[in-house]
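Working notes, beginning with the structure itself.
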Amino acid sequence: MKRNKINERLVEILLRVSASASVLAIIIITFFIFYKGIPLLAKVGIIDFLFNLNWNPTKGSFGIGAMVIGSLAVTLSSLIWSVPLGIMTAILMAEIAPPKFSGILSRLVELLAGIPSVVYGFFGLIVIVPMIRNYLGGVGLSVLAGAIVLGIMILPTIINISRDAINAVPEEYKVNSLALGATHYQSISRVILPAARSGIITAIVLGLGRAIGETMAVLMVTGNSAVIPDSLLSPVRTMTSNIVLEMGYAAGDHQAALFATGTVLFVFIVILNLAVSISMKAGTEDGN
Amino acid sequence: MGTKGKEKIITVLFWFSALIIIAILVGIIGYIVVKGISAISWDFITQPPSRAGKEGGISTTIIGTIYLTLVAMILAVPFGVGAALYLEEYGRKNTRFGYALKLTAETLAGIPSIVYGLFGFVFFVIFLNMGWSILSGGLTLAIMILPTITRTAQEAVIAVPQEYRSNSFALGATKWYTIKRLILPAAAPGIVTGIILSIGRAVGESAAVILTAGSSLGMPLNITDPARTMAVHLYILAMEGISMERAFGTALLIIVLIVIINYLANLSLRKLARQ
């Protein structure tokens, strides 16, 4: 009996240790990302690092401004088309289509989420880039190609989270609205969507976080010249692409600058995610 | 136009959005299947690459992918399932530790893979001196998939009916005995789903892997050997224009793997739903 008790206690301790592993992981990750990135950020100055447009690391000029603009250009243009398409699909699945069709569509969306980013990048490089080159001009490797590929990649995030938000709207809202004589679409646009608003915003924010952090697919289709894009057809280099492209040969301050880029991305994404989780927690406490 | 006519047009628009999603998926998969099928042969799967991948097959990258995924799973599954059991069965609800763990899991899940790659490179490859290796890559991947495994295992454990526990305790069973004999078996399909989905993520990962496991084409034998996965191989073949035929073949094999993985995950989910 006594041995049993010791066993029980031992198991509990082991399980507690495994539960702490993820906390430990995030502490070590934060420490090492900061430890490698902060010294250079302090040396160059965070403002200069982020907004200086001159990236010439072998000559001591460490401005990632052009890459920040590149990441924002590709990310925002991907959201422009994938957010409306994703939300419309979510509404269709939650409110309009028969459950059987929604089930099939939901499995297809899962498959879309499962396709690795290199495969998307490869498809973009082989199909989308030549199409842009032939029909719209330019070299094809462009902001537009990145926006198309990234948009496809974040569709599952947007669809799944928005659909869950719409499904979570209490059934009475809809019933009452219909009872008051509203049509199905009036109920959707005036009652259901406003009630699901915070979930849909979460979907967009998480999609944005995913898009800005995506690397390989974007790297394969955007051409990677570190210049300010002047149109959707210009090639562009993102912060993430820059890390992969130069990590192989970078040393000293150059390598530190790539880590500093990682630090900036890390801080940005963590703030984005924390804001979402904390506002969702606040939302449930308000009873929304 | 009356309200009825307008609503008809809106309905068509909504269905059109689903059509676009289906067209995208069918387009991508169909194109890669059609273009890749001719590259696939027994030799392509079983022969090592030669001349940087221009000739030969992709056997070493298949082995590299399996090896790396296996190491990541062996490391992540016990920790993930253990964490889920602790949180749901031992931890008191709504404690600060529980909330901190939930926030960490969500944060870990949101970090882009390139940041994991940078971390794995500086911590495992350089600081712990493991070099570009299966071990460095496996450890990095394990941290990346830990949140998925923990969360799905947690959901599976929560779904086990409360009577299982009360009846078992009433019969005098200890907590661990109850978990081992009742809760884990009942939660198994859900846990397996999480594991299968994580395998999919590990197989397809490239940005983090290229920085931690390297891109050597040699056959990885030891856990300290560097390796190139199929995803990294596809990236290099396509970007350096080494062999488009082999790139298509590699892409097709990756897609086939992902489709199988998805199918298995669904199968195991349905098993859970039947219980």
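Proteins get letters first, then strands, A, B, ... in listed order; numbering begins at 1 in each. Scope of the values below: all heavy atoms of this structure, side chains included, with no hydrogens, waters or symmetry mates.
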Quiz item: Would the Phe124(B) and Phe119(B) ring centres measure less than 6.0 Å apart?
Solution: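 Yes, close enough.
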Quiz item: Under 6.0 Å between the ring centres of Tyr35(A) and Phe259(A)?
Solution: no
Exercise. Work out which heavy atom in Val122(B) is nearest to a heavy atom in Ile126(B); give both atom names and the distance.
Key: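 Smallest heavy-atom distance, with atoms named: O-CB, 3.6 Å.
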By a 4.5 Å heavy-atom criterion (distance strictly below it), what part of [X] contacts chain A: side chain, backbone, both, or neither?
| X | result |
| --- | --- |
| Leu118(B) | both |
| Leu13(B) | both |
| Ile20(B) | side chain |
| Ile28(B) | both |
| Leu108(B) | both |
| Ala238(B) | both |
| Thr11(B) | both |
| Val259(B) | both |
| Phe248(B) | both |
| Phe14(B) | both |

Self-check item: N/O donor-acceptor pair under 3.5 Å between Trp176(B) side chain and Leu10(A) backbone
Solution: no
Please state whether the side chain, the backbone, both or neither of [X] comes within less than 4.5 Å of a heavy atom of chain B.
| X | value |
| --- | --- |
| Ile28(A) | both |
| Leu112(A) | both |
| Met247(A) | side chain |
| Ile152(A) | side chain |
| Val119(A) | both |
| Leu258(A) | backbone |
| Thr215(A) | side chain |
| Ile33(A) | side chain |
| Ala97(A) | both |
| Ile115(A) | both |
| Leu85(A) | both |
| Phe101(A) | side chain |
| Leu92(A) | both |

Do you know which of [options] has the most heavy-atom pairs under 4.5 Å to chain B?
| options | value |
| --- | --- |
| Leu14(A), Ile91(A), Leu272(A) | Ile91(A) |
| Arg107(A), His184(A), Glu110(A), Gln186(A) | Arg107(A) |
| Leu155(A), Leu219(A), Val244(A) | Leu219(A) |
| Ser22(A), Gly262(A), Gly209(A) | Ser22(A) |
| Val17(A), Ile126(A), Leu274(A), Leu125(A) | Ile126(A) |

If I take atom [atom1] from residue [X] and atom [atom2] from residue [Y], how far apart are they, to the nearest 0.5 angstrom?
| X | Y | atom1 | atom2 | value |
| --- | --- | --- | --- | --- |
| Ser113(B) | Glu214(A) | OG | CD | 6.5 Å |
| Ile10(B) | Ser189(A) | CD1 | OG | 8.0 Å |
| Ile32(B) | Ile255(B) | CD1 | CD1 | 4.5 Å |

For chain A, which of [options] has the most heavy-atom pairs under 4.5 Å?
| options | value |
| --- | --- |
| Ala109(B), Ala83(B), Gly80(B), Ser215(B) | Ala83(B) |
| Trp15(B), Phe127(B), Phe79(B), Phe123(B) | Trp15(B) |
| Ile24(B), Thr104(B), Leu25(B) | Leu25(B) |
| Val81(B), Leu85(B), Ile111(B), Ile143(B) | Ile111(B) |
| Gly110(B), Gly82(B), Ala100(B) | Gly82(B) |
| Ala84(B), Ala231(B), Gly200(B), Ala251(B) | Ala231(B) |

Using a 6.0 Å cut-off, check whether atom [atom1] of [X] has over 12 heavy atoms from anything other than its own residue.
| X | atom1 | result |
| --- | --- | --- |
| Lys180(B) | NZ | yes |
| Tyr185(A) | OH | yes |
| Lys35(B) | NZ | no |

Practice problem: Please determine which of Leu150(A), Val221(A), Val149(A) meets the side chain to side chain contact (heavy atoms under 4.5 Å, CB included) test together with Tyr120(A). | Solution: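 So, applying the side chain to side chain contact (heavy atoms under 4.5 Å, CB included) to Tyr120(A) and each of Leu150(A), Val221(A), Val149(A), only Val149(A) qualifies.
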Quiz item: Checking side chain to side chain contact (heavy atoms under 4.5 Å, CB included) against Ser102(A), which of Met93(A), Arg163(A), Glu95(A) comes through?
Solution: Met93(A)
With side chains defined as the heavy atoms from C-beta onward, is the minimum distance between [X] and [Y] less than 4.5 Å?
| X | Y | value |
| --- | --- | --- |
| Glu106(B) | Asn273(A) | no |
| Tyr116(B) | Ile29(A) | yes |
| Met67(A) | Thr261(A) | no |

Practice problem: Compute whether any side-chain donor of one residue and acceptor of the other, for His254(A) and Glu246(A), lie under 3.5 angstrom apart. | Solution: yes
